[in-house]
Each structure stands twice: as C-alpha cells, then as structure tokens.
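Working notes, beginning with the structure itself.
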Amino acid sequence: MTLRFWQEMPYFEIARVMGRSEGAAKLLKERALKKLRTPAVRAALTARLAA
C-alpha cells in the first residue's frame, strides 16, 4: 500500500521490490484495501485520527 499510494510506484516496480509477479502485487493491494474497508478497521482508524 505504501509503495503504491504514498510513493506512487507502478505495479511492475512494486512486484520487483517484493519479488513477486505484477499480478500478485495487484492482488495483494486489492486484498489490503478490502481489509481496510471493514467496519472494525474503519472505526479503529477513525478513533485513532480523532485522538
């Protein structure tokens, strides 16, 4: 997530850094975003940002 969104790396470069295929890098990003969208994680992030 950090490499894609904060450092704006393209998927082929993320895949190289991680030692995985480009498809695997995309899949891992999608799985991470799905986890971040869960209500429990969103509530925890909101609470942490409000503190």
Side-chain angles (χ1 to χ4, degrees):
M1 297 294 291
T2 301
L3 296 175
R4 179 69 182 155
F5 294 108
W6 278 278
Q7 295 189 17
E8 300 178 353
M9 277 188 180
Y11 285 111
F12 75 88
E13 195 170 341
I14 295 168
R16 183 185 56 79
V17 169
M18 294 175 64
R20 298 189 180 234
S21 69
E22 190 172 338
K26 289 178 182 180
L27 181 63
L28 289 169
K29 186 238 359 160
E30 289 301 321
R31 288 180 179 167
L33 285 175
K34 186 177 180 179
K35 286 182 182 181
L36 288 173
R37 290 184 187 116
T38 63
V41 173
R42 292 181 88 182
L45 289 173
T46 302
R48 180 171 276 201
L49 291 174

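Just so you know, these numbers come straight off a predicted model, no measurement behind them.
Among all heavy-atom pairs drawn from M18 and L28, the shortest one is CE-CD1, 3.4 Å.
Looking at R31, R37, K35 one by one, the single match for side chain to side chain contact (heavy atoms under 4.5 Å, CB included) with L33 turns out to be R37.
Of the inter-residue distances, the one linking E22 atom CD with Y11 atom OH reads 9.0 Å to the nearest 0.5 angstrom. Rounding to the nearest 0.5 Å gives a distance of 10.5 Å between CD1 of I14 and CD of E8.
When the side-chain contact (heavy atoms from CB on, under 4.5 Å) test is applied to A24, the partners found at least two apart in sequence or on another chain are R20, S21.
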